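This structure is a prediction, so every number in the text was calculated from the model and none was measured. Below, read A as the first sequence line, B as the second, and so on, with proteins coming before strands; counting in each chain starts at 1.
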Protein chains: 2
Amino acid sequence: MSGGNVCIRGEANPVQINDCRQKVAKNESAFAQLSAVLSLAGNEVRLKILYLLEAEKELCPCDLSDILGMSIPAISQHLRKLKDGNIVSSRKEGQTIFYSIRPAHLKLLRSFFKIINQLEAI
Amino acid sequence: MSGGNVCIRGEANPVQINDCRQKVAKNESAFAQLSAVLSLAGNEVRLKILYLLEAEKELCPCDLSDILGMSIPAISQHLRKLKDGNIVSSRKEGQTIFYSIRPAHLKLLRSFFKIINQLEAI
DNA sequence: TTTGTATTTAAGCAAATACTTAAATACAAA
DNA sequence: TTTGTATTTAAGTATTTGCTTAAATACAAA
């Protein structure tokens with residue numbers, strides 16, 4: 001399916017359409033990368049986890065389970081997705097595993113947390 | 001399920017846990033609102049649609065279908081989700097319906113587009 | 001009115017999500 | 001070694017998602 005639904009209407013601008021196609025093509029990889037991060041942060045539980053990790057520097061699955069009132073496996077599976085997406089990293093101390101946000105993602109995530117704190121104020 | 005998984009380990013700090021619980025409770029509505037927007041933008045097709053709407057001010061489903069090489073109903077259903085989420089609005093001109101980004105969301109979305117344009121540069 | 005265009009809606013379906021419970025790891029402590 | 005703690009993994013399941021095709025709207029033009 002491609003180019004089969006072109007509108008007949010006069011206003012449709014072939015130059016504009018082509019320009020748009022190129023914009024999309026040029027940023028294909030950027031769209032994939034960013035949408036992956038946004039969809040991870042777009043889950044309410046994971047957004048809370050990230051917010052808490054930023055506030056507390058690091059937390060373990062057990063603490064998160066306790067704070068959010070969710071089962072340990074549920075939390076662990078969310079953390080796995082965040083780790084697979086390279087948004088968080090982990091370190092081991094004894095039998096406890098501490099998760100924290102990867103510095104590379106802090107800037108984007110902080111813009112989200114700022115919005116959360118602003119919404120709270122309303 | 002609540003408070004049933006408290007870790008036994010010594011480092012677990014009851015004060016910190018309680019502090020976190022309050023932070024989450026205080027922002028409950030903000031988490032719901034923001035995660036809704038992020039999950040809408042977290043779909044690759046919708047992220048492209050939003051990017052194009054910002055660049056072109058407004059576009060119709062037919063144009064978007066043509067640009068993105070997707071069926072009209074598929075595009076229409078994405079636009080409906082964005083409209084239900086109050087991220088875009090529409091105006092009618094003849095038989096064409098033009099969609100555009102609601103000003104209230106432009107600031108957040110522009111921070112995404114900025115990242116896309118930066119990723120492109122790499 | 002009849003015909004055609006732009007769009008939405010509905011129904012169906014395969015794949016992805018987000019949980020559950022139970023079992024498996026890894027390792028510290030007794 | 002045995003026991004217990006923190007965590008992950010696996011399997012099962014209900015729900016959601018994102019497309020498809022076909023039908024329904026809405027309305028402009030002939």
Side-chain angles (χ1 to χ4, degrees), chain A residues 1-2 4-13 17 31-32 35-36 38-49 58-85 88-100, chain B residues 1-2 4-13 17 31-32 35-36 38-49 58-85 88-100:
Chain A
M1 125 110 288
S2 167
N5 307 309
V6 191
C7 336
I8 310 295
R9 75 172 208 288
E11 306 98 77
N13 184 341
I17 299 293
F31 284 118
S35 67
L38 294 180
S39 75
L40 283 169
N43 173 282
E44 200 168 331
V45 172
R46 285 192 296 266
L47 188 59
K48 287 175 183 173
I49 290 176
E58 57 178 16
L59 287 167
C60 64
C62 183
D63 285 344
L64 285 166
S65 153
D66 197 21
I67 295 164
L68 298 175
M70 294 182 60
S71 74
I72 299 252
I75 294 292
S76 178
Q77 284 159 25
H78 279 301
L79 288 170
R80 190 189 207 295
K81 290 197 172 187
L82 292 172
K83 204 175 177 188
D84 287 348
V88 304
S89 57
S90 61
R91 73 175 180 91
K92 199 166 192 172
E93 186 180 309
Q95 10 187 8
T96 304
I97 296 177
F98 288 100
Y99 284 84
S100 54
Chain B
M1 132 106 283
S2 166
N5 307 311
V6 191
C7 337
I8 310 295
R9 73 171 209 288
E11 307 98 77
N13 184 341
I17 299 292
F31 284 118
S35 66
L38 294 179
S39 74
L40 283 170
N43 173 281
E44 199 169 332
V45 173
R46 285 192 296 266
L47 187 60
K48 287 174 183 172
I49 290 176
E58 57 178 15
L59 286 167
C60 64
C62 184
D63 285 345
L64 285 166
S65 152
D66 197 21
I67 296 163
L68 298 175
M70 294 182 60
S71 74
I72 299 251
I75 294 292
S76 178
Q77 284 158 25
H78 280 301
L79 287 170
R80 190 189 207 296
K81 290 194 175 189
L82 292 172
K83 204 176 178 189
D84 287 349
V88 305
S89 57
S90 62
R91 74 175 179 92
K92 200 166 191 173
E93 188 180 309
Q95 9 187 7
T96 305
I97 295 177
F98 288 101
Y99 284 84
S100 54

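Summary of the strand contacts: A:Gln95 and B:Pro73 both lie near DNA chain C, and taking for each the nucleotide with the nearest heavy atom, the more 5' one is attributed to B:Pro73. Map A:Ser39 and A:Gly94 each onto its nearest nucleotide of DNA chain C; the residue landing nearer the 5' end is A:Ser39.
Within the 4.0 angstrom heavy-atom criterion, only backbone atoms of the sugar-phosphate kind lie near A:Lys92; the bases stay farther away.
Distance, B:Leu47 CG to D:dG18 P: 13 Å, rounded to whole Å. Distance, B:Ile72 CD1 to D:dT21 P: 14 Å, rounded to whole Å. In this structure, NZ of B:Lys83 is placed 11 Å from C1' of C:dT7, rounded to the nearest angstrom. To the nearest angstrom, C1' of D:dT16 lies 12 Å from CG of A:Asn43. Atom CD1 in B:Ile49 sits roughly 11 Å away from atom P in D:dG18 (whole-Å rounding). Between B:Ile97 atom CD1 and C:dT5 atom P there is a gap of 17 Å when expressed in whole angstrom units. B:Glu93 places its CD atom 15 Å from the P atom of D:dC27, with the value rounded to the nearest Å. Between B:Met70 atom CE and D:dT20 atom C1' there is a gap of 11 Å when expressed in whole angstrom units.
Taking 4.5 Å as the limit, every side-chain heavy atom of B:Ser76 sits out of range of all side-chain heavy atoms of B:Arg80. Residues B:Leu64 and B:Leu79 are in side-chain contact: their nearest non-hydrogen atoms beyond the backbone lie under 4.5 Å apart. Contact of the B:Ser100 side chain with the B:Ser89 side chain is registered, since non-hydrogen atoms from C-beta on lie closer than 4.5 Å.
Pairing for C:dA23 goes to D:dT8, judged as Watson-Crick or G-U wobble with the two contacts each under 3.5 Å. Judged by Watson-Crick or G-U wobble contacts below 3.5 Å, the nucleotide D:dA28 has C:dT3 as its partner. The partner of C:dA18 is D:dT13, by the rule that a Watson-Crick or G-U pair needs both atom distances under 3.5 Å.
When distances are taken from the side chain of B:Cys62 to each of D:dG18, C:dT7, D:dA6, the shortest belongs to C:dT7. With C:dC19, C:dA6, D:dT21 as the choices, the nucleotide that has an atom nearest any side-chain atom of B:Ser71 turns out to be D:dT21. Nearest to the side-chain atoms of A:Pro61 among the listed nucleotides C:dT8, D:dT7, D:dC19 stands D:dT7. Here the nucleotide nearest the side chain of B:Lys81, chosen from D:dT20, C:dA18, D:dT17, is D:dT17.
B:Gln77 contributes no side-chain N or O that forms a donor-acceptor pair with the base of C:dT7 under 3.5 Å.
For the atom pair B:Asn43 CG and A:Ser39 OG, the distance stands at 8.5 Å (nearest 0.5 Å). Put simply, CG on B:Leu68 and CZ on B:Arg46 are 13.0 Å apart, with the number rounded to the nearest 0.5 Å.
Under a 3.5 Å cut-off, the side chain of A:Ser65 and the backbone N or O of A:Met70 do form a donor-acceptor pair.
Between A:Arg80 and the phosphate of D:dT7, there is no side-chain N or O to OP1/OP2 separation shorter than 4.0 Å. At the phosphate of C:dT8, OP1 or OP2 sits under 4.0 Å from a side-chain N or O atom of B:Tyr99. Residue A:Ser76 has a polar side-chain atom (N or O) positioned under 4.0 Å from OP1 or OP2 of D:dT8.
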